[in-house]
Amino acid sequence: MTHSVTDYEAAYRELRLRLTDLLHERPDDELEQVTPTCPEWRVRDLPAHLGGVCDDIAHGNMDGVATDAWTRAQVDKRRDWPFEQVLTDWSEHAAVVESMMNDIGQPMGQLVFDAWTHEQDARTALGVPCDRESAAVDVAFGWWVATAQQFVGAGPDAGPTEAFRLVCETGEFDFGPGTPTQTLRASRFEFLRAITGRRSSAQVLAFAWDGDTPLDELVFTNELFSPATRDIVE
């Protein structure tokens, strides 16, 4: 029997080049606008964060990894750089990180997950169709199913209190303890955008859901993300 091997390096590089091409030579007013799905940051701050993540990984600066303070420092450092320098910085540090991604393996799915999330943030801000079919979305969704399902519907240090099944275009996936008795039907794209706080509670409650528990109570109890304050249409 053969087993497919996930190419994290290729998925991340393809995403980086795609997003760089999208942002390159954009006018300042577009780069300076606040992103509706990530309102603490401007469009230009998204690649600043992604480059900062690669910089920190390459230099072993992992104290406080994934905290607000860790990511804020990445953006603050690059806040006033010329935008071309921001893109160059990401490219240079990503080259180091990409070369080690496949050796590290599955944990690198989180890096792809984060980058894919922010690529969609940029696309939404710029009015460009989002990515629903690339290798990066495959990796992002696969990483979430494999490793993050333990805290869907709970805090990051606990398992979900209720089991449910996600039915999407690539199959059925169970989350939580026991046999699921509740089913959510949604695309991978909508599911990923919802669990990262890119959908409002009203939008999540409108999903196809046959459970007795209000779906937003399962989606938005993770302390890392909260619902969008308004409906987001992508």
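Counting begins at 1 with the first residue of the sequence.
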Intermediate values then yes/no, side-chain contact (heavy atoms from CB on, under 4.5 Å), Arg13 and Leu17
CA-CA 6 Å; Arg13 182 185 296 112; Leu17 295 176; 4.0 Å; yes
Salt bridge (Lys or Arg N to Asp or Glu O under 4.0 Å) between Arg78 and Asp55, intermediate numbers included:
CA-CA 12 Å; Arg78 296 160 174 81; Asp55 184 359; 2.9 Å; yes
Given side-chain contact (heavy atoms from CB on, under 4.5 Å), test Val219 with Trp209 step by step and report yes or no.
CA-CA 12 Å; Val219 169; Trp209 172 245; over 6 Å; no
Determine, step by step, whether Arg193 and Ile232 satisfy the side-chain contact (heavy atoms from CB on, under 4.5 Å) criterion, reporting the C-alpha distance in whole Å, the side-chain angles of both residues, the deciding distance to 0.1 Å, and the verdict.
CA-CA 10 Å; Arg193 297 303 275 167; Ile232 302 293; 5.8 Å; no
Evaluation steps, side-chain contact (heavy atoms from CB on, under 4.5 Å), between Gln120 and Phe189
CA-CA 10 Å; Gln120 310 326 304; Phe189 179 82; 4.3 Å; yes
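The two atoms that bring Ala194 and Phe220 nearest to each other are O-CE2, 3.4 Å, heavy atoms only. The heavy-atom pair separating Ala163 from Pro180 by the smallest distance is CB-CA, 3.8 Å. Of all non-hydrogen atoms in Val97 and Cys54, the two that sit nearest each other are CG2-O, 3.5 Å. Of all the heavy atoms in Pro39 and Val34, the pair that sits closest is O-CG1, 3.3 Å. In this structure, Val112 and Ala140 approach most closely via the heavy-atom pair CG1-N, 4.5 Å. The minimum heavy-atom distance between Arg123 and Cys130, with the atom names listed, is CD-CA, 3.8 Å.
Residue Asp21 places its CG atom among more than 12 non-hydrogen atoms of other residues, nucleotides or ligands, all under 6.0 Å distant. Sparse packing is recorded around CG of Asp212, with 12 or fewer heavy atoms of other residues, nucleotides or ligands lying under 6.0 Å away. The neighbour count for Glu169 CD, taken as heavy atoms of other residues, nucleotides or ligands under 6.0 Å away, is above 12.
Residues Leu111 and Leu87 are members of one and the same hydrophobic cluster, defined by side-chain heavy-atom contacts under 4.5 angstrom among Ile, Leu, Val, Met, Phe, Trp and Tyr. One hydrophobic cluster, built from ILVMFWY side chains closer than 4.5 Å, cannot hold both Trp144 and Val167; they sit in different ones. Met62 and Tyr8 fall within a single hydrophobic cluster, where Ile, Leu, Val, Met, Phe, Trp and Tyr side chains are chained together by heavy-atom contacts under 4.5 Å. Under a hydrophobic clustering in which Ile, Leu, Val, Met, Phe, Trp and Tyr are joined whenever their side-chain heavy atoms come within less than 4.5 Å, directly or via other members, Leu184 and Phe175 fall into the same cluster. Phe225 is not connected to Leu205 by any chain of hydrophobic side-chain contacts under 4.5 Å among Ile, Leu, Val, Met, Phe, Trp and Tyr, and they are in different clusters.
Between atom CD of residue Glu234 and atom CZ of residue Arg198 there is a gap of 9.0 Å, rounded to the nearest 0.5 Å. Distance check: Glu30 CD to Glu25 CD gives 12.5 Å after rounding to the nearest 0.5 Å. The distance from atom CD of Glu190 to atom CD1 of Ile195, rounded to the nearest 0.5 Å, is 12.0 Å. For the atom pair Arg44 CZ and Thr35 OG1, the distance stands at 13.5 Å (nearest 0.5 Å). Considering CD of Glu98 and CD of Glu14, their distance stands at 11.5 Å, rounded to 0.5 Å. Atom CG of residue Leu192 and atom CZ of residue Arg132 lie 11.5 Å apart, to the nearest 0.5 angstrom.
By the 4.5 Å heavy-atom criterion applied to side chains, Leu166 and Val145 are not counted as neighbours. Considering only heavy atoms from C-beta on, Pro47 stays 4.5 Å or farther from Thr20 through its side chain. Side-chain atoms of Leu23 and Phe83, non-hydrogen and from C-beta on, do get closer than 4.5 Å to each other. Looking at heavy atoms from C-beta onward, Gln106 lies in side-chain contact with Trp143 at the 4.5 angstrom threshold. For the pair Val53/Gln74, a side-chain contact is recorded, criterion being any heavy-atom separation below 4.5 Å from C-beta on. Between Leu19 and Trp90 there is a side-chain heavy-atom pair separated by less than 4.5 Å. Within the 4.5 Å cutoff, no side-chain heavy atoms of Glu40 are placed close to those of Val75. Side chains of Asp131 and Arg18 form a contact here, defined as non-hydrogen atoms less than 4.5 Å apart.
Ring geometry for His118 versus Trp41: interplanar angle of 30 to 60°, hence tilted. The aromatic rings of His93 and His59 sit perpendicular, their planes meeting at an angle over 60°, well past the 30° parallel limit. Relative ring orientation between Phe141 and Phe191 is described as perpendicular, the plane-to-plane angle rising above 60° on a 0-90° scale split at 30° and 60°.
Gln182 and Glu162 are linked by a side-chain donor-acceptor pair at a separation below 3.5 angstrom, with hydrogens and angles left out of the test.
A side chain to side chain donor-acceptor pair (under 3.5 Å) with Thr37 is found for one member of Asp121, Thr124, Thr117 and no other, namely Asp121.
Under the side-chain contact (heavy atoms from CB on, under 4.5 Å) criterion, Ser200 pairs with Ala202, Gln203, Asp231, sequence neighbours left out. By the salt bridge (charged side-chain N to carboxylate O under 4.0 Å, His left out) test, Asp76 is found to be paired with Arg79, residues two or more places apart in sequence or in another chain being considered.
Residue pairs meeting the salt bridge (charged side-chain N to carboxylate O under 4.0 Å, His left out) criterion with at least one member in residues 103-114, sequence neighbours excluded, do not occur.
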